[in-house]
Amino acid sequence: MAAMEFPAQATGPSALTRLIDSASMSGNPLGATTIQILHNLQHQHLWTSLQIHDISVPASNTPDPTFLDPSVRDKGRTIISGVPPQRTYTHPDEQLFLLDKGLREDDLRPERVFVIPTAQGQYWSLRRMAGVFDALPTIEVVDDQEAGSKSENVDPEKAKKLEEYYARREKALETKEWGSRRMLLAMVDKDMGGDGTVVYYVVQEGEIKPRQN
């Protein structure tokens, strides 16, 4: 039985590849990484209201082996912010407060989360990470449109509990009882043979007090 042969069809680059290539043409290698992670957040993790922010961070005294050109290394960074479909992290003490009030995380308004785009092998120091935290906008940036969609049809009893929760959370943010500021560190696998997988890590500002169970 003769094998059937099919003519090879020419396939062009994917939409993501074209998007990354267009960002790389800017001359800043950080731009392509940012676009790739933003695409991953939007299409793989269903984040909404995504934005890119330019921030200035202190230049590192230790040369970055990834970007040896100081003109590139010291340009500053771009970070991403967006609204995830569900919370990325909730402090255990905050969880206990929610349970005590009979509230679920789904009852809360969505919150804007900040993401640092990085690639595997990039150099990071504590000083540069602290500089990113210092450059962040106000942490409690809530998307009004998303928040409004969850504030409709809330019964008065639950509305009162939510009001108590937000008042308690505002105090906890000042005292850091429910942890310090947080963001996500997104790392793309771009090494030799890397498949472009993006891994997300929760990063918290300052020292974290150990919990006693």
Side-chain angles (χ1 to χ4, degrees), residues 37 41 45-60 76-118 124-187 199-213:
I37 292 173
L41 289 169
H45 299 284
L46 307 180
W47 284 38
T48 57
S49 303
L50 287 159
Q51 299 178 13
I52 295 177
H53 310 267
D54 293 321
I55 61 172
S56 298
V57 295
S60 175
R77 293 200 65 90
T78 57
I79 60 173
I80 302 170
S81 73
V83 179
Q86 58 188 19
R87 279 196 161 196
T88 58
Y89 177 86
T90 302
H91 192 275
D93 291 341
E94 186 177 359
Q95 289 178 330
L96 290 176
F97 187 90
L98 291 171
L99 288 172
D100 183 62
K101 294 295 181 181
L103 297 172
R104 301 179 304 173
E105 291 185 4
D106 290 343
D107 297 323
L108 308 179
R109 295 194 302 263
E111 296 178 352
R112 183 170 294 276
V113 178
F114 295 97
V115 181
I116 307 177
T118 65
W124 273 91
S125 65
L126 292 177
R127 182 171 181 263
R128 293 201 72 190
M129 187 67 72
V132 174
F133 273 110
D134 291 340
L136 284 182
T138 305
I139 188 171
E140 292 299 318
V141 181
V142 179
D143 183 85
D144 294 334
Q145 183 176 358
E146 294 284 344
S149 64
K150 287 201 173 187
S151 61
E152 299 175 354
N153 302 323
V154 177
D155 63 84
E157 183 179 354
K158 179 176 287 188
K160 182 179 179 181
K161 292 180 179 180
L162 287 171
E163 185 178 350
E164 293 175 356
Y165 162 77
Y166 287 118
R168 180 68 179 85
R169 179 178 178 126
E170 184 176 354
K171 179 182 178 182
L173 287 172
E174 296 176 357
T175 61
K176 298 185 179 181
E177 296 175 65
W178 291 352
S180 53
R181 294 190 297 176
R182 294 180 289 269
M183 57 185 169
L184 295 181
L185 179 71
M187 185 176 295
V199 181
Y200 297 89
Y201 302 91
V202 176
V203 180
Q204 302 199 62
E205 182 182 27
E207 298 180 352
I208 308 302
K209 181 181 178 180
R211 287 184 53 80
Q212 294 182 351
N213 296 325

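Residue R112 comes nearest to S49 through the heavy atom pair NH1-O, 2.7 Å, listed as atom of the first residue, atom of the second, then distance. Pairing each heavy atom of L50 with each of G82, the nearest pair is CD2-CA, 3.9 Å. Listed here is the closest heavy atom pair of L103 and K161: CD1-O, 3.9 Å. Minimum interatomic distance between I79 and F114 (heavy atoms only, all atoms of both residues): CD1-CD2, 4.0 Å. Closest approach of G179 and H91 over heavy atoms only: N-CD2, 3.6 Å.
S180 places no side-chain N or O within 3.5 Å of a backbone atom of Q204 that could act as its donor or acceptor partner. With hydrogens and angles disregarded, a donor-acceptor distance shorter than 3.5 Å links the side chain of T175 to the backbone of K171.
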Go through E105 and Q95 one step at a time and tell me if the side chain to side chain contact (heavy atoms under 4.5 Å, CB included) criterion holds. CA-CA 9 Å; E105 291 185 4; Q95 289 178 330; 4.2 Å; yes
Mind running side chain to side chain contact (heavy atoms under 4.5 Å, CB included) on L184 and V113 for me, showing each step along the way? CA-CA 8 Å; L184 295 181; V113 178; 4.2 Å; yes
So E111 and R182, salt bridge (Lys or Arg N to Asp or Glu O under 4.0 Å) or not? Walk me through it. CA-CA 12 Å; E111 296 178 352; R182 294 180 289 269; over 6 Å; no
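Summarising the local packing, CG of L126 is surrounded by 12 or fewer heavy atoms from other residues, nucleotides or ligands at distances under 6.0 Å.
Looking at P117 and I80, their side chains come closer than 4.5 Å, going by heavy atoms from C-beta outward. You'll find the side chain of L108 reaches within 4.5 Å of the side chain of L98, heavy atoms only. Residues F97 and D100 form no side-chain contact, since every pair of their non-hydrogen atoms from C-beta on lies 4.5 Å or further apart. With a 4.5 Å cut-off on side-chain heavy atoms, M183 and V115 do not count as touching. In this structure, L41 and Y200 have side chains that are in contact, with non-hydrogen atoms separated by less than 4.5 Å. In this structure, the side chains of R168 and E163 stay at 4.5 Å or more apart for every pair of heavy atoms.
Side-chain atoms of H53 and T78 form no donor-acceptor pair, as typed in the model, at a separation below 3.5 Å.
Rounding to the nearest 0.5 Å places CD1 of I37 at 8.5 Å from CG of L185.
The salt bridge (Lys or Arg N to Asp or Glu O under 4.0 Å) test applied to K101 returns E164, not counting sequence neighbours. For the ring pair (Phe, Tyr, Trp, His ring centres under 6.0 Å) test, no residue two or more places apart in sequence or in another chain qualifies with Y166. Applying the salt bridge (Lys or Arg N to Asp or Glu O under 4.0 Å) rule to K158 yields the partners D107; only residues at least two apart in sequence or on another chain are considered.
Partner of E94 under the side-chain hydrogen bond (donor to acceptor under 3.5 Å, both in side chains) criterion, out of Y165, Y89, W178: Y165 alone.
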